[in-house]
Amino acid sequence: MTKYIKFTDFSFLLIILLSLFFYFNLYILNVDSLWTIYVSEQMLQGKTLYKDLIEVNPPLKFIYTLIPVYIANIFSISKVFCFVLFISILIVISTLISYKVIKYTDFEERKKRYILLSIILILTIISITEYGEKEHLFMIFVFPYILLSIFREQIYFKKNMILIAVVFASFGLNLKPHFFLIVLIIEIFLIIKKRKLLYFFRWDFILLISISLFYLIIVYIQFSEYLNFIIPFALKNYSYFNNQHLIVLIYNFEILIFILFLYFAFMFNKQILKTQEIKLLMFLALGLLLIYLLQQKGWYYQRLPYFSIVVFLIFYTLIKFYDKKLFYFVFVLILIFIKIYEFQKYQYTPKNLISILQNYPKDTKVHIYSSDIAKGQPIVTANNQVWASRFNALYFILSMQRANNKESEEYVVKSIYEDLNKYHPDLLIFENYYFDFFSYFSKFKRIENFYIKNYYIHKIKNYIILERKHID
């Protein structure tokens, strides 16, 4: 690529990233990322992950987030700003490594540019509502490795290039246990293609395995609670939370667009299906789709890895087989239109709850009993109040009740009671839309007595409110 192409493309990336800073200045970051920032901040203040802060996800994302939060504390600037900047820097690094891979291909310069622009769109615009989520980070870290896997059978890559892509990918593959399956999907495809069962005995694959094993050892030593308590707890309770029917899981734009692509390829241009890169991308998409369906949750961030591969598959097909700018940019516009539509749905704010919180002063210690994290710590922190619980949300209560899991119930009740005595919340807010949290916890005598002794009880806008008796 020429210097002109480099400058143009990375200027485009810079413009998008600057636009994202403007976007997140106007609209709230997704609640999971806000919770991650909060947890990392509490860890820097001495609290222990999985003891003082209950979380079902592995520790790696919180470890990464320590970096921007620590920098924000040093310079006394916004933690959200530093977090967005941190993720943006990772996107730039991922794009640079991807560029290094793409430049080895035999595409003409214009098509190389389109491939690079496709990756930029996938890591930014397609992921905007899930910015900084584990799945977003996963795609940022793993995309250069996917490109390397697509082209390595056609192109000789130097060992240092493979090493950079593999090490960078390892930072993302361990964010969730099932993320490593993407490597296995790639390896299975290559073993089938080459008909060599031992093909995976390569230095780069062994390096990936070694890094993952090293990470597991660190988790075992430093975060033993995650292995000994959180995983069994999550399997008993979280695994059955919000499970959706198959029809609900597949009824969305991301699935439809893949079906349309397959229909077009089989009916009108079977030549597409004979290409090595297309086959691998389709195999990946199908594998990631299966992983999404097995999770049974239906949330967009869980579809994000699958959808990212599908979008790149379509972009790559248009670039390789249809040398028309119009097709490429029409697809870009369709994606942007869809994201704008989804953005309208995404911008949900619990206005009644926010209006209640705004009636109380800053530094009020609050715990909101809800199954929805969006109705918890993020809005409390945004209102400059203090979150007074180890839990981000009580989403597991309903499935715990259905399973009649007494052991988990005993732990939750004990933890809630300990938090009441530890944090001395000024304000307790109970949601009762889907589950009557107040009645549930009041049936435990020691908690009921604590409520009666320390709080005035009343109702505001479908919420049960407990105000501490000393509150102004």
Side-chain angles (χ1 to χ4, degrees), residues 94 98 101 114-115 118-123 125-127 130 133-153 169 172-173 176 178-193 246 249-322 327-328 331-332 334-335 338-339 342:
S94 180
S98 299
V101 175
Y114 288 160
I115 294 174
S118 303
I119 295 168
I120 291 171
L121 287 168
I122 289 167
L123 298 183
I125 304 301
I126 298 301
S127 310
E130 315 303 326
E133 279 273 19
K134 295 170 293 297
E135 284 74 9
H136 183 214
L137 279 170
F138 169 61
M139 292 312 302
I140 291 170
F141 283 121
V142 85
F143 224 105
Y145 180 80
I146 293 172
L147 287 174
L148 193 77
S149 301
I150 290 170
F151 296 118
R152 72 182 301 169
E153 295 303 303
L173 292 170
K176 273 188 172 181
H178 65 265
F179 284 173
F180 204 87
L181 291 175
I182 194 169
V183 177
L184 298 182
I185 292 169
I186 292 171
E187 293 300 317
I188 290 170
F189 176 86
L190 294 175
I191 287 171
I192 293 172
K193 178 183 176 295
L246 179 63
L249 295 174
I250 63 175
Y251 186 69
N252 53 69
F253 169 75
E254 294 82 17
I255 307 295
L256 174 62
I257 197 171
F258 188 40
I259 294 172
L260 290 175
F261 171 83
L262 293 175
Y263 175 78
F264 176 84
F266 277 106
M267 295 299 295
F268 301 106
N269 194 346
K270 291 184 180 179
Q271 186 64 31
I272 293 173
L273 304 175
K274 297 178 182 178
T275 309
Q276 169 71 19
E277 310 94 275
I278 302 294
K279 286 181 180 178
L280 177 52
L281 286 170
M282 286 178 58
F283 198 71
L284 266 178
L286 290 169
L288 290 170
L289 175 59
L290 180 61
I291 292 170
Y292 158 71
L293 294 175
L294 289 174
Q295 293 178 82
Q296 297 182 279
K297 304 302 180 191
W299 292 311
Y300 175 65
Y301 71 82
Q302 293 182 330
R303 293 195 299 276
L304 184 59
Y306 149 80
F307 186 49
S308 298
I309 296 300
V310 169
V311 170
F312 186 73
L313 168 63
I314 296 172
F315 272 134
Y316 187 81
T317 302
L318 292 174
I319 292 164
K320 188 174 179 70
F321 291 95
Y322 300 94
F327 290 169
Y328 181 89
F331 185 56
V332 169
I334 290 172
L335 289 175
I338 293 297
K339 294 311 295 181
E342 288 181 346

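We count residues from 1, following the sequence as given.
With rounding to the nearest 0.5 Å, the separation of NZ in Lys320 from CD1 in Ile272 is 11.0 Å. Rounding to the nearest 0.5 angstrom, the gap separating the CG atom in Leu181 from the CD1 atom in Ile186 is 11.5 Å. In this structure, Phe253 CZ and Phe258 CZ are separated by 13.5 Å, a value rounded to the nearest 0.5 Å. Distance check: Leu288 CG to Phe138 CZ gives 6.5 Å after rounding to the nearest 0.5 Å. To the nearest 0.5 angstrom, Leu294 atom CG is 4.5 Å from Leu290 atom CG. Summarising the geometry, atom CD1 belonging to Ile309 is positioned 11.5 Å from atom CG belonging to Leu286; distances are rounded to the nearest 0.5 Å.
Of the possible donor and acceptor atoms, one in the side chain of Tyr306 sits under 3.5 Å from a partner among the backbone N and O of Glu254.
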Worksheet item: Please walk me through it: do Phe151 and Glu277 pass side-chain contact (heavy atoms from CB on, under 4.5 Å)?
Response: CA-CA 7 Å; Phe151 296 118; Glu277 310 94 275; 4.2 Å; yes
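Taking the side-chain hydrogen bond (donor to acceptor under 3.5 Å, both in side chains) definition, one finds that Tyr322 meets it with Asn269, sequence neighbours left out. With sequence neighbours excluded, the residues satisfying side chain to side chain contact (heavy atoms under 4.5 Å, CB included) with Leu256 are Leu260. Ser94 is linked by a side chain to side chain contact (heavy atoms under 4.5 Å, CB included) to Ser98, Leu123, Ile140, Phe143, Pro144, Phe168, counting only residues two or more places apart in sequence or in another chain. Listed by chain and number, the residues in a side-chain hydrogen bond (donor to acceptor under 3.5 Å, both in side chains) with Tyr292 are Arg303 (sequence neighbours excluded). Partners of Phe283 according to the side chain to side chain contact (heavy atoms under 4.5 Å, CB included) rule, which considers only residues two or more places apart in sequence or in another chain, are Ile185, Ile188, Phe189.
Partner of Phe315 under the side-chain contact (heavy atoms from CB on, under 4.5 Å) criterion, out of Ile115, Val310, Ile119, Leu121: Leu121 alone.
Between Leu304 and Ile126 there is a side-chain heavy-atom pair separated by less than 4.5 Å.
The side-chain hydrogen bond (donor to acceptor under 3.5 Å, both in side chains) pairs that include a residue from residues 140-151 number zero, where partners must be two or more places apart or lie in different chains.
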